[in-house]
Every structure is written in C-alpha cells, then in structure tokens.
Chemist: 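Please see the structure below; I have some questions.
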Amino acid sequence: MTTATPRTLAEELRTRSDRGLAGLLRARPDLLNPVPGDLTQLATRAGTRASVVRAVERLDTFALQTAEALAIAPDPCPYPTLAALMAGDAGDTAVAAALPRAVAALRAQALVWGPDDRLRLVRTARELLTPSPARPSPTGLGPTVAEATAGMSPGRIQEILAAAGLPATHDPVSAVAALTGLFRDRARMAALLDTAPAEAVAVLDKLLWGPPYGAVTDRPAAHLQWLLDRGLLLPAGARNVVLPREAALHLRAGRAHHAPEPVPPALEPTTARDPQLVDNAAASQAFTALATVEELLKEWDLGGPPVLRAGGLSVRDLKRTAVALDTTEPLAAFWLELAHAAGLIASDGEADERYAATPAAEDWLQLPDHQRWAALVAAWLPATRTPGVVGTADAKGRALAALGPHLDRSPAPEVRHRVLTLLATLPPGTSVPERALLSRLRWERPLRAAAPATQAAPPSTAADGAAGPVPTDDLRSRLAQWTLVEAELLGVTGRGALAAHGRTLLRTTGDTGPSAETDTGPRADTDASTTAGALTPLTPAEATATAVRAAALLAPLLPEPLDHVLLQADLTAVAPGPLRRPLAEALAVLADIESKGGATVYRFTPASVRRALDAGRSAAELQEFLTTHSRTPVPQPLAYLIDDVARRHGQLRVGAASAYVRCDDDALLSEILADRRAAALRLRRLAPTVLAAQSAPEQLLDGLRAMGYAPAAESAAGDVLVARADSYRTPPRTAPTPVPDGPPPPDRTLLEAAVRAIRAGDLAATAERKPAAAPADTAPPAPGALPRTTSAETLATMQAAVLTSSPVWIGYVNADGAASQRVIAPVRVEGGYVTAYDHTSDEVRTYPLHRITGVSELADDAV
C-alpha cells in the first residue's frame with residue numbers, strides 16, 4: 001500500500017490518473033518499447049540514462065533552467081526554495097508566474113516527483129545537470145562548501161572559521177555547516193563583504209556568473225589571500241580555486257541563472273500582406289514546382305545519368321541537371337530529392353545502374369495539377385532525406401551526393417512541422433523574419449540546438465531583410481532555414497507567409513508550443529504531450545490526408561490550362577499560360593522551347609519540323625494542328641518551312657544492309673558521293689538509285705542529316721519507320737522510408753492498451769496475497785518471485801476460486817518461455833484449461849493448466 005507522501009517515483013506513478021500515465025508515455029515513447037510489466041518497471045525505465053537524456057533534450061529553455069536549478073538545490077527541495085533560486089531575492093514576477101507550469105511539465109515527464117514541499121529531481125537527471133569541473137553547468141555555479149572542503153584538514157577549516165569571524169567548533173562537519181550558514185545569511189554575508197578589499201570584490205565579480213574556477217600562484221596577492229582565508233575561494237586542485245556555490249548565490253541575489261527565460265521569444269517584427277495576394281503567389285509557385293518536376297521527368301525520359309559506385313549522382317551530372325532545369329545546383333538537388341521521395345525517380349538496378357523515371361511517374365503525370373501537388377507535399381512533409389547537406393562532407397570526409405546514402409537527418413520532419421506551425425500562429429498573410437523563427441526554435445529545444453553542425457548554407461530564393469545576426473551553427477537552425485526555402489518553392493508559403501492551403505497541412509492551427517498548453521498546476525496528471533507531443537511531426541498517412549485537404553483549397557487558385565498558342569511571323573509561338581498536356585507534348589515535338597516564364601516561347605526550326613515528321617506526322621497534319629490550336633493565322637514563313645522540310649523529308653531512304661541509301665533521283669546520289677563530307681560514311685554505288693555503306697543505319701542517318709539532307713529510315717519491307725523514342729522506366733520502385741527520430745509516437749489505441757496492461761501488471765505485482773503453507777525445510781519465496789504450487793494444489797485452488805468467484809494470483813509461462821505474473825478471476829475449469837477474466841489484459845482468456853507455475857489466493861481487500 002502507498003502512503004500519502006510517495007517515497008519513490010513508482011509510488012507517485014501509482015497516484016496518477018490514466019490520463020497522466022498516457023501523457024507520460026506519449027511524451028516519452030521510448031518507455032513503451034516494450035510495454036512495462038508494471039509501474040515499478042516503468043519508473044525504473046524512466047530513470048535510465050538514455051531515456052532521461054532524451055527527455056532532457058526535449059525540454060524548452062525555461063523547463064531546462066528549472067531542472068538545472070533543482071540540480072543545485074537541496075534534495076528534496078521545497079517549492080519556495082526553487083522559486084527563490086529562479087526568481088531571486090527581488091522576485092521576478094514573470095519567472096514566478098511561469099514556474100508552476102515548468103514544474104508541472106517536469107512532473108508530467110517523470111523528471112521531477114514528490115509534493116511541493118519535497119520536490120525531487122530523478123537521480124539520473126541530477127547527475128547530468130549537477131555542475132562539476134568536467135561538466136560545467138549553464139548556471140555557472142561551482143561546488144557547495146561541503147563538496148569543496150571535502151578532504152581539507154580540520155585545522156585549515158578552523159582557520160577559515162576564525163578569519164571569517166565564526167566561533168571554533170569541535171568537528172569538521174559542524175565547521176562546514178557554520179561556514180555554509182554564514183554564506184547563506186544575507187545580512188552577515190553582506191557585512192563580511194563590506195570589509196573586503198576592492199580588488200577582492202573585483203575577483204568575485206569575474207567568477208560570479210561562471211566559470212567559477214580560477215588559478216592562483218604559490219604566493220597569492222593580498223586580496224586573493226583575503227578571499228582564501230575566509231573561504232570565499234576554496235581549493236580546487238594544486239593551483240586552482242573555486243567560488244563556492246553558497247557565496248555565488250549570495251552575490252547573485254539568490255538567482256541560479258543570469259538570465260532566466262520564462263517566456264518564449266516573440267515572433268516579431270511582423271509584416272502584414274493581403275492574404276489573397278499571398279495565396280495567389282503561393283499557387284503560382286506551386287504550379288512552377290509542378291512544371292519543374294515535370295521537366296525533370298522529361299529530361300530523364302529516355303534514362304537518366306549513371307549511379308555512382310558509392311551511390312548517388314555525380315557532381316557533373318548534378319550540374320547538367322541544374323542547367324536543364326535552369327536553376328542552381330542546391331535547388332536542383334532539392335527537386336531531385338523531392339521526386340525521389342515521391343517515388344517518381346529511382347535507380348533501375350541493372351548492371352550498368354542508372355537513374356530513370358519510375359512507372360509511378362506515368363500515373364503522376366496523368367493526375368490533375370492539384371493532386372500532383374498533393375503527392376509532392378505528402379512526400380515532403382515526413383521526409384528525413386535532407387538535400388541541404390548535399391556537397392558537404394560526411395564523418396569520413398567524403399562528399400555527400402544527391403540521391404546518395406547518408407542524407408537522412410531524423411529531426412527534419414519535426415523541425416519542418418514546427419516551423420509551419422509557428423507560421424500558422426500568425427494572422428493570415430503575415431510573415432516574420434527568419435531570425436525570429438530561429439530564436440523561437442532555439443528556445444524550444446536549447447540542448448538540441450547546442451551542437452554545431454558543419455552544413456552547407458541553405459539555398460536562398462529571396463534575401464531576408466531582417467537585421468541582426470542569425471544563429472545558424474546547428475543542425476536545427478539549418479533545417480529551419482531549408483524548410484522556409486522549400487516551403488516557398490513548393491507553394492506552401494507565399495512571400496514568406498503561410499498560405500491558406502498551407503495551414504491545412506498542419507495537425508492543428510493554433511500555437512501548441514512547449515509552453516502553450518501545459519497545465520499550470522503542480523498535479524502529476526498533467527498531460528506531458530503538451531510539451532513534447534506538440535512538436536510531433538506528421539506520419540506519412542497523416543501527411544497524405546492533410547495534403548489532400550490542402551490540394552482541395554489550392555485547386556481553384558491554379559491557372560486553367562490553355563488549348564491555344566499565338567503564332568508569330570518570326571517562326572515562334574507564344575503560349576500565354578500553361579498548356580493542356582496533349583497540346584504541350586505535341587508542340588514540344590514540333591518546336592524547341594526558347595524561353596520559359598509567365599509565357600513560354602517555342603521556336604520552329606528545320607530540325608524540329610523534321611523531328612515531327614520523323615514521329616509520323618505529315619505536312620498536312622502539321623498545318624491542320626497549327627491552324628486548330630493557334631488564335632492567330634499560320635504565318636507564311638512557317639507554312640513554307642513545313643512544306644519545304646516535308647518535300648525533302650524521306651527523299652532519301654536508309655535501310656539495313658549493313659546500311660544502304662536509295663533514292664529515285666540518281667543525280668542526288670551522285671551529289672552525295674561527290675561530297676567530301678561523305679568520305680567517313682564509306683559509300684559506294686550498287687545501282688543508279690542505291691548506295692551501300694559500311695556504317696550502321698543510325699550513323700548513316702546522323703551523317704546525312706549533318707550534311708543538310710533529310711533522310712528517312714525504312715523497314716525491311718520498304719516502309720518508312722516512325723521514329724518514336726520509347727520512354728525508359730525503372731522496374732516498380734517504392735519511395736524511400738523516412739528514418740524516425742527515436743520511437744514513433746504512440747496512437748490512442750496503443751496508449752489505452754498500454755495503460756491498462758501496466759495497471760493490471762502493477763495490480764498483480766503489488767496485490768496482497770494470503771500466506772501459503774510451505775514445508776518447514778522450504779525457504780520462503782523471494783519478493784516478486786512467481787508462486788510455486790503442485791499441479792494438484794493448482795487445480796484445487798482454481799476450482800475453489802470458481803465456486804467463490806474470487807480472484808487469484810498466478811505465475812504463467814507462455815509458449816515462448818516468457819514468465820509473467822497475473823491476477824485472474826477463474827470462471828470455468830475443465831479439460832486441463834482454466835477460463836478466466838485476466839485483469840492484466842482486461843479480457844477473458846483461456847490458460848493451459850500445465851503452463852501455470854503456481855497459484856496463490858489474494859487477500860480479501862486486495863482487489
């Protein structure tokens with residue numbers, strides 16, 4: 001039975017409601033793997049170093065400062081003592097108002113337990129946060145007087161007492177206590193410092209906020225000797241001294257931190273714009289994103305570049321892709337990784353491995369624009385592959401390649417979701433400088449933002465006009481910067497503000513930051529998900545669902561595809577907007593794209609017209625196509641160009657002999673033979689209308705076209721071959737799976753089942769049992785050991801429990817050999833099986849009697 005005041009963390013967990021336990025498991029999902037058998041196991045696991053480190057890393061700045069203050073406070077620490085350490089003697093009102101919320105958050109995550117008059121930081125967290133010479137604390141405090149004087153001779157301690165004006169004591173313990181009391185007494189300590197030399201006070205000021213350690217010579221100066229004589233500086237090594245913690249706290253007016261941060265940095269200054277303009281700008285960029293990915297797929301339609309031996313794309317091929325997409329190399333890496341994450345490109349897995357579009361790309365191209373955008377965004381939100389690190393060096397000094405290994409950064413989805421959530425807290429159409437977002441993220445996860453990350457600078461699409469330095473020396477800041485750029489490229493944001501459809505991509509639209517929804521009361525039932533769960537990223541399924549909803553809002557904003565172009569007399573055609581897919585594909589064969597932008601310009605050349613003729617179109621069909629899809633008449637120069645190329649097209653025929661050329665005009669063949677440029681083709685006349693060549697048909701076609709002719713390939717039957725290049729596709733491929741940052745967050749069903757199992761297991765472990773008679777020569781069972789009874793005793797006890805409808809405690813070994821203890825209420829015993837209601841699993845189950853190691857009756861008031 002537990003007492004009113006819990007003595008251990010396990011006892012306090014037993015006083016929590018199911019909601020409080022579920023909040024703990026949601027905030028610290030690593031405690032669920034596997035599900036603890038009872039609350040004692042849960043408390044033990046919650047105190048392990050790996051779990052505590054992970055929990056501490058996810059604390060916000062003020063909660064971490066509160067934990068650091070508890071680490072240097074007495075154990076246990078009354079709440080008023082903690083409040084004095086945080087708010088100081090003057091009593092900072094903002095700190096005092098935020099402190100209950102921070103303590104509640106620490107309690108909810110089982111980092112702090114105990115009532116307000118006996119707050120205890122879990123032992124592992126205290127070991128992590130307590131200052132030491134090897135691991136300084138952010139508080140800048142040193143050891144206590146008792147710690148600093150450990151090992152000091154009793155005579156020296158008495159000398160310090162005498163110099164400080166304290167009476168001598170009979171033992172070192174009382175002497176240390178007297179010196180500690182002096183340093184904690186504000187009035188006596190102030191009187192002592194009033195007699196200090198000015199140089200001594202200056203030394204204390206230098207050590208005041210840390211580091212508290214300093215060096216002295218064998219013959220210290222008079223002002224240093226004054227401090228050493230009175231214990232204001234205590235030895236910390238051969239020639240090192242330290243400012244004791246109690247003295248530092250007096251000089252700091254009782255504050256543990258130089259600058260407590262009870263409130264997160266504000267997202268300001270803000271820039272307000274018309275929300276409709278923001279939505280339109282985002283929609284325009286979303287359409288550009290679709291066109292860019294489509295251009296990438298078209299570029300790799302016949303097969304992309306080869307795969308490096310170590311995996312990924314070579315630097316040269318990345319540059320070529322950037323030129324083809326008319327963008328920079330960092331942005332080209334982003335588009336490649338986005339298409340890869342969406343399952344649109346992959347390696348083919350052949351011996352000469354290369355990249356190409358996947359079969360899924362064909363389906364993606366046929367979707368409406370808003371659905372194609374949803375597929376890209378659904379792949380982007382949970383992705384852990386980070387294109388921003390492309391070009392940087394890995395741990396072994398090797399450059400990271402686009403589409404290659406080692407690009408996963410597990411915190412990316414969390415940071416991405418949090419950046420969008422912070423933008424969603426602003427009014428529609430409002431943006432903030434990048435530095436404001438980075439400051440907020442650093443406040444929310446100070447420890448995770450502490451480790452520098454040598455990453456490449458993020459690609460930029462617009463200059464940040466905000467003044468002041470932007471801290472970007474850590475991975476989370478880099479990820480946040482990349483998120484802002486990528487969100488703008490995808491059309492999730494417009495002009496730096498979150499678009500209306502971008503808000504739909506979030507699980508919530510309110511500010512659910514680490515300090516926004518935490519219960520301000522000190523109860524242990526506080527839902528810990530308010531501190532850690534608010535930053536939980538979307539799962540792939542959630543990302544898909546939110547992207548579909550966002551696409552529905554985006555669809556009316558996307559431009560309607562056009563079914564016409566404007567033909568001009570200079571052999572160009574202008575598409576004043578996006579074209580319908582069949583028209584765009586046909587026009588891309590007939591003409592070359594000269595420029596892109598708001599309007600796309602196509603140029604007609606003899607080579608492009610010949611390409612359309614090679615694809616099986618006739619001159620009449622091309623003329624009809626242009627007449628149908630042009631709002632202006634077909635210019636005469638374009639009509640002449642088509643007729644002239646068509647008249648010469650196919651006049652020469654190339655077939656397979658090794659290769660041959662035939663033509664009804666023998667004068668034309670004579671002209672070719674006389675041309676010096678044909679020497680490399682090694683032609684000879686077989687008949688007046690036939691030339692033979694020792695070159696392959698493809699080489700012969702290319703050679704004649706280079707000479708200005710328009711030959712056509714023909715089949716063995718003499719028919720013209722239509723040159724339609726087949727698209728190259730990889731075998732079916734799956735998109736890369738995100739690498740999670742630790743265990744996945746549990747859903748509600750798992751949480752409810754886990755809480756029930758832990759409660760039932762704890763009942764089985766703590767239920768009071770009737771003492772069983774045992775032979776005199778048998779030792780009593782160890783605490784927590786499974787009961788041991790004979791088969792006959794087990795059967796008899798089970799049958800009696802059925803008749804009396806009373807629960808029993810059993811030891812059970814399953815088919816895998818795993819032993820457990822359970823509390824069951826037997827209903828029926830027959831055929832070697834017992835059917836009972838299992839309190840552990842909260843269901844009716846059947847157990848083989850031969851797997852029950854023993855049974856014991858519970859005390860009358862145990863259940």
Side-chain angles (χ1 to χ4, degrees), residues 280-302 320-328 331-332 334-335 338-339 344 357 361 364-373 376 461 488-491 494 554-555 557-612 615 617 621-635 637-639 641-642 725 727:
N280 290 339
S284 175
Q285 188 57 46
F287 188 84
T288 302
L290 297 178
T292 303
V293 176
E294 187 176 345
E295 183 69 21
L296 173 63
L297 297 177
K298 186 185 299 182
E299 181 71 17
W300 289 10
D301 195 52
L302 301 180
R320 290 174 179 171
T321 304
V323 171
L325 299 181
D326 192 20
T327 187
T328 62
L331 292 182
F334 166 70
W335 295 118
L338 179 65
L344 305 181
W364 182 81
L365 289 171
Q366 303 306 317
L367 294 174
D369 288 342
H370 67 284
Q371 294 183 17
R372 291 195 292 152
W373 180 83
L376 295 180
T461 56
E488 195 79 14
L489 291 172
L490 282 172
L554 176 66
L557 302 177
L558 293 175
E560 188 69 25
L562 303 177
D563 61 352
H564 65 274
V565 295
L566 305 176
L567 295 176
Q568 302 186 107
D570 60 348
L571 297 180
T572 60
V574 177
L579 300 177
R580 292 181 178 177
R581 186 168 305 283
L583 174 58
E585 291 177 349
L587 196 59
V589 176
L590 180 57
D592 298 324
I593 296 179
E594 190 170 80
S595 65
K596 299 179 181 179
T600 304
V601 178
Y602 295 84
R603 177 162 297 279
F604 300 94
T605 64
S608 67
V609 173
R610 183 178 66 240
R611 186 170 63 232
R617 294 289 191 98
E621 291 174 339
L622 295 179
Q623 297 279 9
E624 181 182 0
F625 169 79
L626 294 175
T627 302
T628 302
H629 294 288
S630 175
R631 291 291 178 87
T632 58
V634 178
L638 178 56
L641 174 64
I642 293 174
S727 299

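Predicted, not measured: the structure shown is a model, and the values here were computed from it. For the single chain, residues carry numbers from 1 onward in sequence order.
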Chemist: Heavy-atom distance under 4.5 Å between the side chains of D563 and R631, does that happen here?
Modeler: yes
Chemist: Do any side-chain atoms of residues 290-299 form donor-acceptor pairs under 3.5 angstrom with protein atoms, and if so which ones, sequence neighbours left out?
Modeler:
residue : atom : partner : partner atom : Å
T292    : OG1  : T288    : O            : 2.8
E294    : OE1  : R372    : NH1          : 3.4
E294    : OE2  : R581    : NH1          : 2.7
E295    : OE1  : K596    : NZ           : 3.3

Chemist: Do the side chains of I642 and V634 get nearer than 4.5 Å, heavy atoms only?
Modeler: no
Chemist: Side chains of P606 and L641: closer than 4.5 Å at any heavy-atom pair?
Modeler: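 They are in side-chain contact.
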Chemist: If I compare all heavy atoms of P633 with all of L567, which pair ends up nearest, and what's the gap?
Modeler: O-CB, 4.2 Å
Chemist: Can you name the closest pair of heavy atoms from G494 and A281 and give their distance?
Modeler: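 Looking at all heavy atoms of both residues, the shortest contact is CA-CB, 4.4 Å.
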Chemist: Would a 4.5 Å heavy-atom cut-off, applied to side chains only, mark F334 and T327 as touching?
Modeler: no
Chemist: For a quick test of reading the model, state the closest non-hydrogen atom pair linking A283 to L558 and the distance between them.
Modeler: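 Where A283 meets L558 most closely, the heavy atoms are O-CD2, 3.6 Å.
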Chemist: Hey, does R603 have a side-chain heavy atom less than 4.5 Å from the side chain of D570?
Modeler: yes
Chemist: Under a 3.5 Å distance rule, please check whether T572 uses its side chain to pair with a backbone N or O of Y602 as donor and acceptor.
Modeler: no
Chemist: Just verifying a value: how many Å separate H564 NE2 and L579 CG, rounded to the nearest 0.5 Å?
Modeler: 8.5 Å
Chemist: Locate the shortest heavy-atom distance separating W373 from G491; write the atom from each residue and the value.
Modeler: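 For W373 versus G491, the nearest heavy atoms are CZ2-O, 4.3 Å.
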Chemist: Counting N and O atoms only, with roles assigned by atom type, does the side chain of T632 sit under 3.5 Å from a partner on the main chain of L566, one being a donor and the other an acceptor?
Modeler: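 Absent.
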Chemist: Shortest non-hydrogen contact from L590 to A612?
Modeler: CD1-CB, 3.8 Å
Chemist: Just wondering, do D592 and R611 contact through their side chains at under 4.5 Å, heavy atoms?
Modeler: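 Yes - at least one pair of side-chain heavy atoms lies under 4.5 Å apart.
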Chemist: Can you check whether L583 reaches L562 side chain to side chain, under 4.5 Å on heavy atoms?
Modeler: no
Chemist: Can you establish whether the number of heavy atoms outside E624 located under 6.0 Å from its atom CD is more than 12?
Modeler: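 For E624, atom CD is not crowded (no more than 12 foreign heavy atoms under 6.0 Å).
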Chemist: Could you grab the distance from atom CG of D326 to atom CG of L331, nearest 0.5 Å is fine?
Modeler: 11.0 Å
Chemist: Considering only heavy atoms from C-beta outward, does the side chain of L587 approach that of F604 to under 4.5 Å?
Modeler: yes
